[in-house]
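Heads up, the thing below is written out as structure tokens.
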Amino acid sequence: MAFRTRCPVLDPAAFCFRPSTDLRNPETVISEPQAKVTLFEAAELLRNDEVVAIPTETVYGLAANAFSPAAITKIYATKNRPQDNPLIVHVSSLAMLEEILPDHRIPPIYLPVINRFWPGPLTIILPKSDRIPAIACNQPTVAVRFPSHPIARALITQCGFPLAAPSANSSGKPSPTIASHVISDLDTKIPLVLDGGQCYFGIESTVLDALRSPPAILRPGGVTFEALKEVLGMEELQVYKKHFVDVQLEMTPTTPGMKYRHYSPEAQVVLFEKPIPLGNGLVPTIDNTNCKGFELSTMVAMTILETDIESLRSSIAHEVEQLLSAGNRKFGILRTSSSSLQDITKNRGSTFKSSTEFTVVEKFLGSALHPEQVAHELFKCLREMDAQGMDVILVEGISEDREGLAVMNRLRKAASRIVTM
């Protein structure tokens, strides 16, 4: 069925919750009459088993009634999403959360984490009750999140039921962080996109499994490893594919982002990392499934320092020469260092041998010293490069400190090739 997709603009500031500290059953207050009308329309579509794209603080989500197999089927069909890629369920109160748990009781291990990080970009793995259909997650557990974005919170409350909501894009593409990204992928496929502006974080939520011992981050995201580790009960926190691996978990994932290639633009992505010897107690990243002919071996990423800019330019020039020979002519550069990398042909005739004409477009992702800036712009810049028709996108990697862990996770999954320096 083809829709005439509507995209009304909503001001997140028009929504608030009283009392502001009440997570058990907060009351929604909407200050703009038209916002109330739009929210009611979205809720009615969701009650009738349609899907609606909504803003969250992480990325835009494609929402459907989490209790309805028919509605959830539309999520998979609209996105062309693999059926064994589970969904995250979104709630707007702790009371709603308790209603979907088998014994209506939140596991005590999660209470300190919830008190500190909810509502926010943190998903937790919980026991699944029969109220959540198998099509959402065919596991004994389910991933659940309490979003902080006021439009998402207000809509879930208006519906009166939780919403299953993966990213609102075609499966495998970079996640959408502005409404136009959703329209680009899903126009005529869904009836409504709620435009709440650019998402605050720009990358998906962190997924925490504290039902296992020790607790583990299954997918890095908006809440950092460093911040979680400070919370009571998280002292021995691990990161999947850094501290441990689990083949069975990857084959039958409990959360999205573990099994399939994600976040990839139409253009090839070449990621440049600076390797350092192991010594920080971490197992190196093991996911090489998308890295053609590349073995990450015993290296992890670190920030490419200013003193290494010439080395990076040389590496980019060498890579461009190889790509030119394969017929590529338009190159995008996403940098995180303060110095421009665009003039990669200045040594033409010495380090750069090719005489073929080509185009280079450069964008600044954000400072490597501020990984939250890079996270905020990452998917947006990948999509902008695609929109400009780049054949290849060359990306400068950053340290895995703080939000950098999530940034590098997404870039490695998007990469066609990884180059170590």
Side-chain angles (χ1 to χ4, degrees), residues 1-3 5 39 41-56 58-93 96-102 123-147 149 151-153 155-173 175-176 182 185-194 204-205 207 218-219 252-260 262:
M1 178 180 181
F3 292 96
T5 304
L39 202 74
E41 176 189 358
E44 281 299 295
L45 286 167
L46 291 163
R47 290 189 189 102
N48 289 314
D49 286 345
E50 292 296 346
V51 292
V52 173
I54 65 173
T56 79
T58 56
V59 300
Y60 274 74
L62 185 62
N65 183 350
F67 294 152
S68 169
I72 292 172
T73 297
K74 291 182 180 179
I75 289 179
Y76 285 100
T78 300
K79 286 175 56 70
N80 194 28
R81 182 183 178 93
Q83 290 280 345
D84 61 345
N85 196 8
L87 304 178
I88 293 174
V89 172
H90 296 66
V91 299
S92 60
S93 69
M96 183 180 287
L97 171 63
E98 290 169 348
E99 289 177 5
I100 66 173
L101 297 178
T123 296
I124 59 177
I125 303 296
L126 291 163
K128 182 167 73 76
S129 73
D130 293 340
R131 300 199 69 187
I132 304 298
I135 190 172
C137 183
N138 193 21
Q139 299 285 340
T141 58
V142 63
V144 183
R145 187 163 90 82
F146 186 160
H149 197 291
I151 295 173
R153 287 183 65 180
L155 179 59
I156 298 167
T157 301
Q158 178 72 34
C159 289
F161 48 75
L163 298 178
S167 55
N169 58 337
S170 297
S171 187
K173 286 192 174 183
S175 297
V182 182
D185 283 11
L186 303 182
D187 190 27
T188 73
K189 296 181 179 180
I190 61 176
L192 187 66
V193 179
L194 300 181
E204 296 83 359
S205 63
V207 178
L218 301 184
R219 180 184 73 182
T252 55
T254 56
T255 182
M258 298 187 70
K259 185 174 181 179
Y260 293 97
H262 290 75

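Predicted model, so just to flag it, every value in this text is computed and none were measured.
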- prompt: Should Leu192 and Phe3 be marked as a side chain to side chain contact (heavy atoms under 4.5 Å, CB included) after you check the CA-CA gap, both sets of side-chain angles, and the distance that decides it?
  reply: CA-CA 9 Å; Leu192 187 66; Phe3 292 96; over 6 Å; no
task: Could you please spell out the steps behind the side-chain hydrogen bond (donor to acceptor under 3.5 Å, both in side chains) verdict for Ser167 and Glu204?
output: CA-CA 8 Å; Ser167 55; Glu204 296 83 359; 5.1 Å; no
field: side-chain hydrogen bond (donor to acceptor under 3.5 Å, both in side chains) evaluation trace for Arg219 with Ser205
entry: CA-CA 8 Å; Arg219 180 184 73 182; Ser205 63; 3.0 Å; yes
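Between Val144 and Thr123, the closest side-chain pair of non-hydrogen atoms is not below 4.5 Å. Counting heavy atoms from C-beta outward, Val182 and Ile190 have side chains that approach closer than 4.5 Å. At a threshold of 4.5 Å between non-hydrogen side-chain atoms, the residues Leu87 and Arg81 count as touching. For the pair Val89/Arg145, no side-chain contact is recorded, criterion being any heavy-atom separation below 4.5 Å from C-beta on. By the 4.5 Å heavy-atom criterion applied to side chains, Lys128 and Pro140 are not counted as neighbours. A 4.5 Å side-chain heavy-atom check between Pro86 and Asn138 finds every atom pair outside the cut-off. A heavy-atom distance below 4.5 Å is found between the side chains of Glu99 and Arg131. Between Ile151 and Ile54 there is no side-chain heavy-atom pair separated by less than 4.5 Å.
When all heavy atoms of Ala43 and Gln158 are compared, the pair lying nearest together is CB-CG, 3.5 Å. For the pair Leu45 and Pro191, the tightest heavy-atom approach, listed with the atom from each and the gap, is CD1-CG, 4.1 Å. Considering all non-hydrogen atoms of both residues, Leu46 and Cys159 come closest at CD1-SG, 3.6 Å. Minimum interatomic distance between Val91 and Pro147 (heavy atoms only, all atoms of both residues): O-CD, 3.2 Å. For Asn65 against Ile72, the heavy-atom pair with the smallest separation is O-CG1, 3.7 Å. Between Leu194 and Tyr60, the shortest heavy-atom distance links the atoms O-CE2, 3.2 Å.
Each of Asn169, Thr5, Val51, Leu62 was scored for a side chain to side chain contact (heavy atoms under 4.5 Å, CB included) with Leu186, with one residue passing: Leu62.
Under a cut-off of 6.0 angstrom, the local environment of CG in Asn48 is crowded, with over 12 non-hydrogen atoms contributed by other residues, nucleotides or ligands.
Between Lys173 and Asp185 a salt bridge is recorded (basic side-chain N to carboxylate O distance below 4.0 Å).
Checking side-chain atoms of Arg153 against main-chain N and O of Thr157 turns up no donor-acceptor pair under 3.5 Å. Although no hydrogens or angles enter the test, the distance criterion places a donor-acceptor pair under 3.5 Å between the side chain of Lys74 and the main chain of Asp49. A donor-acceptor pair under 3.5 Å is absent between the side-chain atoms of Thr141 and the main chain of Leu126, judged by distance alone. Checking side-chain atoms of Tyr76 against main-chain N and O of Asp84 turns up no donor-acceptor pair under 3.5 Å.
We find the CD1-CD distance between Ile125 and Gln139 to be 9.5 Å, quoted to the nearest 0.5 Å. Between atom CZ of residue Arg47 and atom CZ of residue Phe161 there is a gap of 6.0 Å, rounded to the nearest 0.5 Å.
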